[in-house]
Amino acid sequence: MNSFTDNFTINGITLTAQPICRQGEVLTPDALEFVGKLHRATAERRHELMQARHARRNAISSGQDPRFLPQTEAIRNDPSWRVAPPAPGLEDRRVEITGPVDKKMTINALNSGAKVWLADMEDSSTPTWRNVIQGQLNLTDALECRIDFTTPEGKEYKLKAAEDLPTIVVRPRGWHLPEKHMLIDGKPIAGGIVDFGLYFFHNARRLLAQGKGPYFYLPKIENHLEARLWNDIFILAQDLLGIPQGTIRATVLIETITAAFEMEEILYELRDHASGLNAGRWDYIFSLIKNFRTRGPRFVLPDRGQVTMTQPFMRAYTEQLVRACHRRGAMAIGGMAAAVPNRKDEAANTASFEKVRADKTREANDGFDGSWVAHPDLVPVCREVFDSVLGEAPNQLTKSREDVTPDDRALIDIASTQGTITEAGIRQNIEVGIRYIESWLRGNGAVAIHNLMEDAATAEISRSQLWQWIHSHAITEHGDIISREWVQDMLDEEFARLERFDGDRFADARSIFEEVTLTEEFPTFLTIPAYARYLTEAREEATAEELVAA
């Protein structure tokens with residue numbers, strides 16, 4: 001069976017999307033049964049955890065600063081426990097390239113010379129049904145070395161020899177995103193369960209036969225209880241397929257402000273399956289704004305471009321992350337170098353490369369074991385920096401960073417941030433936000449804008465900063481008070497400057513951007529209303545519960 005008709009139900013799962021070519025290879029009866037078991041075993045707990053997110057955000061917005069948890073102090077103070085040793089293919093992670101799982105990016109990433117490819121089904125991928133299923137097909141085809149193709153223009157894309165390819169680490173969608181084309185009892189399955197379950201079911205044994213294993217990046221985790229849920233899913237998945245416990249390895253993105261207060265606890269919950277933590281800088285900034293958006297001037301950040309990794313609260317975050325990881329035998333992976341080389345502008349390219357080199361040098365000297373880049377041209381830059389620090393060693397796990405003192409107050413010391421809010425920064429947030437959403441609606445979740453790779457996280461910073469500045473009556477460097485009316489005027493002007501083209505989605509993008517930026521309420525993620533309204537077969541409004549409880 002290679003396709004399904006509309007609303008086809010098999011093994012208790014109803015498929016509502018128009019079928020795409022080869023989806024029957026992914027949505028086999030056994031695979032759907034497997035995904036259904038994972039969903040049924042965890043749906044209630046996931047729902048409870050989403051409600052707990054909402055409650056904690058309300059507590060923070062009401063004035064309760066997050067602190068290290070007293071109830072988990074024994075875990076932090078116990079020096080004896082460690083995570084599992086590095087798995088095959090994850091001993092050396094000095095350069096990791098990230099990107100969506102479309103066919104072209106899959107080949108370019110695997111040919112890039114990086115040690116790891118983060119195959120992204122989350123923030124750099126628009127979750128259209130086609131992208132969801134085609135991404136699964138591309139991953140399996142890549143593992144079988146059968147993904148080569150030629151463009152209509154005659155350009156050939158071919159994989160290198162299998163022994164030269166990086167280790168694949170898949171990032172499924174976060175807990176907040178539903179897959180509305182796969183229903184159980186009329187309710188969507190979590191997108192993360194779909195992405196994880198289908199990839200694991202079809203490829204776990206294949207990966208083991210190749211000498212590696214099923215490895216994952218876990219996004220948007222907000223606390224150790226959410227990590228515990230993922231760990232229970234791993235245990236169940238391995239049992240269902242008869243695969244040894246501990247085969248799965250997961251790297252957790254510390255990209256929410258609340259997770260930063262529970263880094264060791266998160267590693268502890270996943271310890272038999274944990275391989276490290278990553279400093280997900282862009283989502284981290286967004287999460288901080290989202291949680292503290294109504295707390296007044298103390299938590300107002302300057303222009304996005306000025307919130308660098310050298311700001312005090314960001315230094316505290318990264319240094320404490322390295323300490324937590326190496327204390328427990330886990331890898332610490334640095335943040336994204338978002339620069340996109342411009343091969344037509346040598347001067348801009350040189351300046352961009354120097355910024356990346358400085359960023360990676362800081363990370364390597366801080367003890368990180370590797371870092372991310374978004375473009376193949378940056379792989380040699382990152383590798384050169386880490387080579388110079390690591391030498392022949394595969395990582396820096398022996399660099400304990402016991403000189404760093406855990407400090408929960410430093411993590412939210414936003415008042416020490418240097419910088420200003422400018423009109424140019426406001427306009428850039430508007431332009432980037434609308435242009436990114438427009439591209440996302442056309443199925444492309446990773447977009448180069450002004451020589452930077454933008455994804456959902458950077459678009460979230462853009463719109464959440466504007467929301468916070470308006471509601472805080474923030475003041476620009478020239479003394480102008482930021483009001484909704486002024487931002488609306490600038491939005492009109494910036495929208496008029498956009499270059500339109502046949503089939504563009506700018507009108508829809510503007511509608512979404514205004515909804516998540518200029519309204520009184522604050523949708524927790526811009527992708528939730530955008531997905532519900534524009535990417536599902538049954539176009540609908542996101543429910544009130546989806547908008548606030550994610």
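Everything numeric in this text was worked out from a predicted model, so none of it was measured. These numbers come from the heavy atoms of this one structure, side chains and all, not from hydrogens, waters or symmetry mates.
With R56 contributing its side chain and Q51 its backbone, the two residues share no donor-acceptor pair below 3.5 Å. Side chain of W81 to backbone of Y268: no donor-acceptor contact under 3.5 angstrom is found. For E460 (side chain) and F525 (main-chain N/O), no donor-acceptor pair under 3.5 Å exists by modelled atom type. Side-chain N or O atoms of T256 include none that pairs as donor or acceptor with a backbone N or O of S287 at under 3.5 Å. No donor-acceptor distance shorter than 3.5 angstrom exists from the side chain of R205 to the backbone of H202, with no hydrogens or angles considered. Although no hydrogens or angles enter the test, the distance criterion places no donor-acceptor pair under 3.5 Å between the side chain of D92 and the main chain of K115. No donor-acceptor distance shorter than 3.5 angstrom exists from the side chain of Y157 to the backbone of T106, with no hydrogens or angles considered. No side-chain donor-acceptor contact under 3.5 Å links Q311 to the backbone of F313. Side-chain atoms of D366 never come within 3.5 Å of backbone atoms of E319 as a donor-acceptor pair (strictly under, hydrogens ignored). Proximity of a side-chain donor or acceptor of N131 to a complementary backbone N or O of G443 within less than 3.5 Å is detected.
We find the NZ-CZ distance between K37 and F201 to be 9.5 Å, quoted to the nearest 0.5 Å. Atom-to-atom distance recorded for T524:OG1 and R57:CZ is 5.5 Å, nearest 0.5 angstrom. For the atom pair N11 CG and L32 CG, the distance stands at 6.5 Å (nearest 0.5 Å). A distance of 12.5 Å separates NZ of K399 from CG of N395, quoted to the nearest 0.5 Å. Taken to the nearest 0.5 Å, the OG atom of S371 stands 8.0 Å off from the CZ atom of R362. Going from atom CG of D78 over to atom OG1 of T72 covers 12.5 Å, rounded to the nearest 0.5 Å.
Residue Q71 places its CD atom among more than 12 non-hydrogen atoms of other residues, nucleotides or ligands, all under 6.0 Å distant. Under a cut-off of 6.0 angstrom, the local environment of CD in E392 is sparse, with at most 12 non-hydrogen atoms contributed by other residues, nucleotides or ligands. Shown here is R409, whose CZ atom has no more than 12 heavy atoms of other residues, nucleotides or ligands within 6.0 Å. Dense packing is recorded around CZ of R357, with more than 12 heavy atoms of other residues, nucleotides or ligands lying under 6.0 Å away. The environment of D185 atom CG is sparse: at most 12 non-hydrogen atoms of other residues, nucleotides or ligands sit within 6.0 angstrom.
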Could you walk me through whether Y217 and W372 pass the ring pair (Phe, Tyr, Trp, His ring centres under 6.0 Å) check? CA-CA 13 Å; Y217 258 108; W372 280 9; 5.5 Å; yes
What do the steps show when you test E96 against N278 for side chain to side chain donor-acceptor pair (under 3.5 Å), and what is the final call? CA-CA 11 Å; E96 301 193 353; N278 172 280; 5.3 Å; no
Take L270 and L218 through the test side-chain contact (heavy atoms from CB on, under 4.5 Å) and record every step on the way to the result. CA-CA 11 Å; L270 285 157; L218 302 181; 4.1 Å; yes
From CA spacing to verdict: side-chain contact (heavy atoms from CB on, under 4.5 Å), T98, W117: CA-CA 6 Å; T98 76; W117 172 39; 5.9 Å; no
Carefully, step by step, assess D408 and R67 under the rule salt bridge (Lys or Arg N to Asp or Glu O under 4.0 Å). CA-CA 6 Å; D408 51 6; R67 304 294 303 272; 2.8 Å; yes
Test side-chain contact (heavy atoms from CB on, under 4.5 Å) applied to V170 and M121, step by step: CA-CA 7 Å; V170 171; M121 296 181 164; 4.2 Å; yes
For E44 and K187, run salt bridge (Lys or Arg N to Asp or Glu O under 4.0 Å): C-alpha distance rounded to whole Å, both residues' side-chain angles, the deciding distance at 0.1 Å, then the answer. CA-CA 12 Å; E44 185 176 348; K187 294 182 179 180; over 6 Å; no
Run the numbers on I257 and Y284 for side-chain contact (heavy atoms from CB on, under 4.5 Å), then give the verdict. CA-CA 6 Å; I257 185 63; Y284 188 76; 3.2 Å; yes
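V194 has its side chain within reach of R173: a pair of non-hydrogen atoms, C-beta onward, lies under 4.5 Å apart. Side-chain contact between H326 and M331 is absent, with no heavy-atom pair separated by less than 4.5 Å. Two residues are said to be in side-chain contact when any heavy atoms from C-beta on lie closer than 4.5 Å; L110 and P166 meet this criterion. For the pair L277 and T251, the minimum side-chain heavy-atom distance is 4.5 Å or more. Side-chain atoms of I133 and L27, non-hydrogen and from C-beta on, do get closer than 4.5 Å to each other. At least one side-chain heavy atom of K160 sits less than 4.5 Å from a side-chain heavy atom of L165. Between Y436 and T458, the closest side-chain pair of non-hydrogen atoms is not below 4.5 Å. Between L49 and L225 there is a side-chain heavy-atom pair separated by less than 4.5 Å.
No side-chain donor from either of N231 and R228 sits under 3.5 Å from a side-chain acceptor of the other. Side-chain contact check for W129 and Q23: at least one donor-acceptor pair (N or O, by modelled atom type) lies under 3.5 Å.
Electrostatic pairing of K360 and E363 counts as a salt bridge here, judged by a charged N lying under 4.0 Å from a carboxylate O. Between R171 and E122 there is a salt bridge, with a side-chain nitrogen of the basic residue lying less than 4.0 Å from a carboxylate oxygen of the acidic one. A salt bridge is defined here as a Lys NZ or Arg NE, NH1 or NH2 lying under 4.0 Å from an Asp or Glu carboxylate O, and R22 with D141 meets this definition. Taking the charged nitrogens against the carboxylate oxygens, R281 and D359 do have a contact shorter than 4.0 Å, which makes a salt bridge. Electrostatic pairing of D403 and R401 counts as a salt bridge here, judged by a charged N lying under 4.0 Å from a carboxylate O.
Closest approach of A87 and Y215 over heavy atoms only: CB-OH, 3.4 Å. Residues R323 and P406 approach most closely at NH1-CG, 3.4 Å, considering heavy atoms. When all heavy atoms of F68 and L411 are compared, the closest pair comes out as CE2-CD1, 4.4 Å. The shortest heavy-atom contact between A332 and L321 is CB-CD2, 3.9 Å. For the residue pair T126 and G445, the shortest heavy atom distance occurs at OG1-N, 3.4 Å. The shortest non-hydrogen separation linking D283 to A457 is OD2-CB, 3.4 Å.
Among pairs with a residue in residues 245-261, those fulfilling salt bridge (charged side-chain N to carboxylate O under 4.0 Å, His left out) read K220-E255, at least two apart in sequence or across chains.
Ring geometry for F234 versus F196: interplanar angle of 30 to 60°, hence tilted. Classification of the F216-F200 ring pair by plane angle, with boundaries at 30° and 60°, yields tilted.
Residues satisfying the side-chain contact (heavy atoms from CB on, under 4.5 Å) test with A364, not counting sequence neighbours, are V385, F386, V389.
Aromatic rings of W282 and F286 (six-membered ring for Trp) have centroids beyond the 6.0 Å cut-off, not under it.
Partner E226 forms a side chain to side chain donor-acceptor pair (under 3.5 Å) with one of R46, R53, R45 and no other, that one being R53.
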